[in-house]
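Everything below concerns the one structure shown next.
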Amino acid sequence: MSYNFKQSEEKWQKMWRETGAFRAEFSGDKPKYYLLEMFPYPSGKIHMGHVRNYTIGDVAARFKLTQGFNVLHPMGFDAFGQPAENAAIKNKTKPDTWTHKCIEEMKRELQKMGFSYDWERQVSTCDADYYKWNQWIFLKMFERGLAYKKASNVNWCPACLTTLANEEVIDGGCWRCHTKIEQKDLEQWYLKITEYKERLLEDLLLLKDWPERVLAMQSNWIGRSQGVEIYFRTKDNSKAIPVFTTRADTIFGATYIVLAPEHPFVKELIRGKPEEKEALKFIDKVAKESKVVRSSSDVKKEGIFTGSYAVNPVNNETIPIWLADYVLMDYGTGAIMAVPTHDQRDFLFAKEHGLPMRIVIQPSDSSHQLPAEELKEAYEGDGIQVNSGQFDGLPNQEAKVKIAEWMEKESIGKIETHWRLRDWLISRQRYWGTPIPVIYCVKCGTVPVPYKDLPVELPEDAPFTGEGGSPLSKVKEFVNTNCPKCGSSARRETDTMATFFDSSWYFLRFCSPRFFDGPFNENDAKLWMPVDQYIGGIEHAILHLLYSRFFTKFFKDLGMLNFSAEGGCACGAEEPFKRLLTQGMVLKDGEVMSKSRGNIVDPDSIIKNYGADTLRLFILFAAPPETELEWDERGIEGANKFLNRVWRIRENLKETADPELIRILHRSIKKVTEDFEGFKFNTAIATLMELTNAVYSFGADKEVFGKLIILLSPIAPHFCEELWVSLGNKSSIIKAGWPQYDPAQLVEDVITLVIQVNGKVRSKIDIPADMEESQLKELVYRDEKLKQWLQDKPVKNFILVPKKLVNLVI
RNA sequence: GCGGACGUGGCGGAAUGGCAGACGCGCGAGGCUUAGGACCUCGUGGGGAAACUCAUGGGGGUUCAAAUCCCUCCGUCCGCACCA
């Protein structure tokens, strides 16, 4: 009788649900394991990316569960966001109705995969009992000055009609719809993530089990650079222009300075100068260019003289002040000192505009020692200081430090650290998000909503026209309110929060999802946190992970988090995710599966034709978790074939197993266990296939077969449950306990010793594993096959790698 | 430009200094079968009749021994970037 996956999968899913098989209850007698996969946006349908992400997580969770860990494996929905509003416009449904319908559909699909979630802990960020705590957290931040409002030039997506955080702008376009972003001046709410920049950077060192590349991306994003802020006085001594440089060693070669056209000093610098008219024209032209155009490289660097001069404070030289489009107002001080000999951009600019240059660093390699006029490009390497006054003759790296210190002493500069990280813009002019809990009163100004009045609920109805402005601002009953301080009529904030706010702490909510007195129960968080293993896509390497780290540090500062470093966690109480795995994408014909490419394979159709277990098996076997996975229909067939092969073992069980098979079994237990720990599912499956092949050669008994299916059960859970009961077991395979290997069974009495001559394999001999070296040596020298290789040449060296090989060097 | 990952059969991939190509797909041969695209067994990197020999992007190095470590060049993917 062949395996009926359809019947079996339905049966076991029902069984797990009814027995609460995956309910997480903390008990002190078992070690905890918090396994989390990034929760999805409820689009209604799962795609292969979800299947891959959640299958990886599920195998890990089931493995830990079978091993006897106390596993927390929750799932929820990141349910606020724009698609719900778009659906509302298109289908005339309410975002709330639409979203909840999608959540139900998606949940059904996830359940069909047999994932071991504790559904009793499900949360949806769009429910008031969740977003109430977003508001609570916002107020806590507001109290501490970490949430503030400011007018500024913001990124604006003209398609989504809302603002975007810097992090949400990708290649000058909107991260969601790729529309080219515009700049707009608006009053917006920000979170002061920059307050945490040092900790966010330094603590990356604690994250030993994160992928290198994610750490590099975060570090890059925070972007610390150390240098000196130098003050250049104008010739008429009316202003001091601060300039930031990481190359204090080149200061004596600064032959002009360049300001961003929007620099606040510019107007005054050009006033009344002959160059004024041309300069204004230039400023106007640059202002019209969007950031995208301006920052695209290979565009020629344009600039213009201001007519004013400054003084280089280290040598009192008078140098011209220029404006150029390549100097950006939002990095550093918006002004640079130009050293054309040692910076390629400055070099090109100086050549273009005929500006002076002077070499201040000579390379030790004499080939580069040219007069400044003959330079073909800037010399950006290390060397010895020249033309640098008292610092001449010093290696430039040493001079860099000495010059900085000297400038600080002379009060012409200040050693400073600059950061790329900006505060996080969270205001969105959308309906389907958490209302920002703030009230504007004519008398009292900006007043936070009192905690007792939370949540500020989203009104059920709002007009969705798709035209600009926040839909909430058109709901009178929402906007009009009374000031909590003075009682006079007031107006509510109509912006909502960016959805990244919601996902920055959901992992804490899962610890106590029905807690009413705060975002999470501190005791429960202490028990479960940190997340032992987090799994998700690389696309969240910066935004979501950085924000979550920020929130965790904030909670810690509120004194709400005190999870311990037990269980080998080196990251203390500040880092939410101990170990991170970023899974690769699923490709079809070498391209990412996507609707627009039309190359989507619907998981549901695979489940219908082959069952969830076959899909799970294939997706794990086809590639290691971190790498891209090429979808291959024939691979699905192969996975199915393997399960059927295992299924048929049942029909031919023997009374006792061959001792050789038992040895292979124990080796397999060791290998599979280690591979599961290391998330090497593809090789774990290869091992299980080898074990299955061995069963076919030797014939298995019930004992061996039982262990084989326990090893397979995290990957193909329904299938293995079915086999497990067919062996006469009464309880679920989850309770079977993870097989232990017997070290004695791993010991081999006879080993095959490889014999190399000069590093090439020339012979092999079978010898007892514990043979002494002298005896072994004698045996090797007597080997017939070696004669032609050794001839009579003397053996210079005899290298023995115990139990593996010998190498004779002649 | 800076930072990161990577490059192995026809394909997905294995091997983290010690027998290159585990396991699977595909392909070939045989068996079973009325038949099969089901199942079972065997074979399957290149060259060579064979003994052997050549092979892990190219070149160089370290080592008794290198896919693995180091240098260099080439290429692919990802992140950041007129970042001062």
Side-chain angles (χ1 to χ4, degrees), chain A residues 2 170-171 211-221 223-225 227-228 243-247 250 254 257-258 260 294-301 324-328 330-339 343-346 348-349 380 418-420 538-539 541-542 582 584-585 617-618 621-624 626-639 641-642 644-645 648 671 680 682-693 696-697 752-764 788 795-810:
Chain A
S2 70
I170 294 154
D171 291 333
E212 277 287 308
R213 108 174 135 131
V214 175
L215 295 174
M217 281 158 80
Q218 292 232 341
S219 161
N220 234 326
W221 192 264
R224 187 172 82 153
S225 62
V228 187
V243 152
F244 179 72
T245 182
T246 54
R247 292 291 308 270
T250 65
I257 64 174
V258 190
R294 246 179 101 177
S295 59
S296 63
S297 41
D298 30 278
V299 170
K300 203 158 94 185
K301 293 158 186 23
D325 58 355
Y326 76 94
V327 178
L328 308 173
D330 57 9
Y331 188 81
T333 61
I336 62 160
M337 63 176 210
V339 186
D343 181 287
Q344 184 60 15
R345 276 163 310 153
D346 296 343
L348 293 174
F349 191 81
E380 295 181 332
H418 274 239
W419 303 78
R420 213 191 72 99
I538 187 73
E539 67 274 19
I542 299 172
T582 50
M585 287 191 283
L617 180 69
F618 164 71
F621 183 56
E626 314 75 24
T627 63
E628 287 174 338
L629 184 151
E630 175 67 29
W631 182 263
D632 179 6
E633 202 73 29
R634 287 181 305 223
I636 283 279
E637 297 274 359
K641 202 160 124 185
F642 170 64
N644 285 328
R645 211 165 134 79
R648 284 192 304 271
K671 173 83 171 125
K680 293 173 170 178
N682 56 335
T683 50
I685 294 167
T687 303
L688 290 171
M689 286 172 168
E690 283 177 276
L691 177 58
T692 302
N693 291 342
Y696 269 75
S697 325
T752 301
L753 187 76
V754 173
I755 305 171
Q756 296 183 333
V757 178
N758 284 343
K760 290 196 192 300
V761 181
R762 295 307 182 190
S763 182
K764 291 174 189 185
Q788 60 161 314
V795 174
K796 278 194 280 187
N797 206 349
F798 184 97
I799 288 149
L800 171 69
V801 182
K803 297 186 183 177
K804 272 203 182 123
L805 61 67
V806 293
N807 189 13
L808 309 185
V809 188
I810 57 169

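Everything numeric in this text was worked out from a predicted model, so none of it was measured. Letters go in sequence order (proteins before strands), and every chain restarts at 1.
Closest contact between the side chain of A216(A) and the listed nucleotides G12(B), C25(B), G3(B) involves G3(B). The side chain of L328(A) has C83(B) as its nearest neighbour among C83(B), C40(B), G13(B). If you check U41(B), A84(B), C64(B) against the side chain of Y331(A), the one that comes closest is A84(B). Of the candidates C23(B), C19(B), G79(B), G79(B) carries the atom nearest the N220(A) side chain, counting heavy atoms from C-beta on. Among the nucleotides A65(B), G79(B), C54(B), the one closest to any side-chain atom of I542(A) is G79(B). Closest approach to the N797(A) side chain among C64(B), C80(B), C82(B) is made by C64(B) (side chain taken as heavy atoms from C-beta onward). Distance from the side chain of Q756(A) is smallest to C19(B) among C83(B), U41(B), C19(B). Proximity note for A686(A) (side chain, C-beta onward) versus C23(B), G4(B), C64(B): the nearest is C23(B). The nucleotide whose nearest atom lies closest to any side-chain atom of R213(A) is, among C19(B), U41(B), G4(B), G4(B). Among G18(B), C54(B), A84(B), the nucleotide with an atom closest to any side-chain atom of K760(A) is C54(B).
Here the shortest heavy-atom pairing between V761(A) and K764(A) reads CG1-CE, 4.4 Å. Minimum interatomic distance between F244(A) and S225(A) (heavy atoms only, all atoms of both residues): CZ-O, 3.6 Å. Nearest approach of Q218(A) to A541(A), heavy atoms of both residues: NE2-O, 2.9 Å.
Here N682(A) lies in heavy-atom contact (under 4.0 Å) with sugar-phosphate atoms only. At a threshold of 4.0 angstrom between heavy atoms, the contacts of E630(A) with the nucleic acid are absent. Residue contacts for N693(A): at a heavy-atom cut-off of 4.0 Å it reaches the sugar-phosphate backbone alone, with no base atom in range. Across all strands, E628(A) comes closer than 4.0 Å only to sugar-phosphate atoms, never to a base (heavy-atom distances). If you check every strand for non-hydrogen atoms under 4.0 Å, R224(A) touches nothing. Across all strands shown, P624(A) has heavy atoms under 4.0 Å from sugar-phosphate atoms exclusively, and none from any base. K641(A) comes within contact range of the sugar-phosphate backbone alone, with a heavy-atom separation under 4.0 Å but no base atom that close.
With C1' as the reference atom, G75(B) and U8(B) are 15 Å apart, rounded to whole Å. Between G26(B) and C77(B), the two P atoms lie 30 Å apart (nearest whole Å). The separation of C52(B) from G17(B), taken at their P atoms, amounts to 30 Å, rounded to a whole angstrom. When the P atom is compared between C54(B) and A20(B), the two are found 12 Å apart, to the nearest whole Å. Rounded to a whole angstrom, the distance from the P atom of C83(B) to that of G12(B) is 38 Å. Taking atom C1' in both G9(B) and C23(B), the straight-line distance is 15 Å, to the nearest Å. A gap of 7 Å separates the C1' atoms of A55(B) and G46(B), to the nearest Å. Rounded to a whole angstrom, the distance from the C1' atom of C71(B) to that of U63(B) is 16 Å.
Rounding to the nearest 0.5 angstrom, the gap separating the NZ atom in K641(A) from the CZ atom in R634(A) is 12.0 Å. Taken from OH in Y326(A) to CG in D346(A), the straight-line distance is 4.0 Å, to the nearest 0.5 Å. Going from atom OG1 of T752(A) over to atom CG of L805(A) covers 12.0 Å, rounded to the nearest 0.5 Å. Atom-to-atom distance recorded for T245(A):OG1 and R247(A):CZ is 7.5 Å, nearest 0.5 angstrom. Atom CD1 of I799(A) is separated from atom CG of N807(A) by 5.5 Å, given to the nearest 0.5 angstrom. N758(A) contributes atom CG, which lies 10.5 Å from atom CG of N797(A) (distance to the nearest 0.5 angstrom).
In secondary-structure terms, RNA chain B builds stems of at least 3 consecutive Watson-Crick or G-U pairs, each pair having both distances under 3.5 Å, at B:1-7 with B:74-80, B:10-12 with B:23-25, B:26-31 with B:39-44, B:45-47 with B:52-54, B:57-61 with B:69-73.
Atoms CG (N807(A)) and P (C19(B)) sit 11 Å apart, rounded to a whole Å. When rounded to the nearest whole Å, the span between CG of D632(A) and P of G13(B) equals 11 Å. Between the P atom of G18(B) and the CZ atom of F798(A) lies a distance of 19 Å, rounded to the nearest Å. Straight-line distance from the CD atom of E380(A) to the C1' atom of C83(B): 13 Å, rounded to whole Å. When rounded to the nearest whole Å, the span between OH of Y696(A) and P of G31(B) equals 22 Å. Taking atom CE of residue M217(A) and atom C1' of nucleotide G4(B), one finds them 9 Å apart after rounding to whole Å. A straight line from CZ of R345(A) to P of A84(B) spans 7 Å, rounded to a whole angstrom. Atom-to-atom, CZ of R420(A) to P of C82(B) comes out at 9 Å; the value is rounded to the nearest Å.
Under the 3.5 Å distance criterion, the side-chain polar atoms of Y696(A) are matched with a main-chain donor or acceptor of R645(A).
Environment of CE in M585(A): sparse, with no more than 12 heavy atoms of neighbouring residues, nucleotides or ligands closer than 6.0 Å.
Annotation: of the two residues near RNA chain B, N644(A) and R762(A), the 5′-most nearest-nucleotide partner is N644(A). Annotation: of the two residues near RNA chain B, F244(A) and L808(A), the 5′-most nearest-nucleotide partner is L808(A).
Taking side-chain N and O atoms only, R648(A) has a distance below 4.0 Å to OP1 or OP2 of C40(B).
Aromatic ring pairs are classed by plane angle as parallel below 30°, tilted from 30° to 60° and perpendicular above 60°; the pair Y331(A) and H418(A) is tilted.
A heavy-atom distance below 4.5 Å is found between the side chains of F798(A) and L808(A).
A heavy-atom distance below 4.0 Å to RNA chain B is reached by these residues of residues 799-806 of chain A, ordered by number: I799(A), V801(A), K804(A), L805(A).
For G9(B), the O4'-C1' to base torsion is within 90° of 0; the nucleotide is therefore syn.
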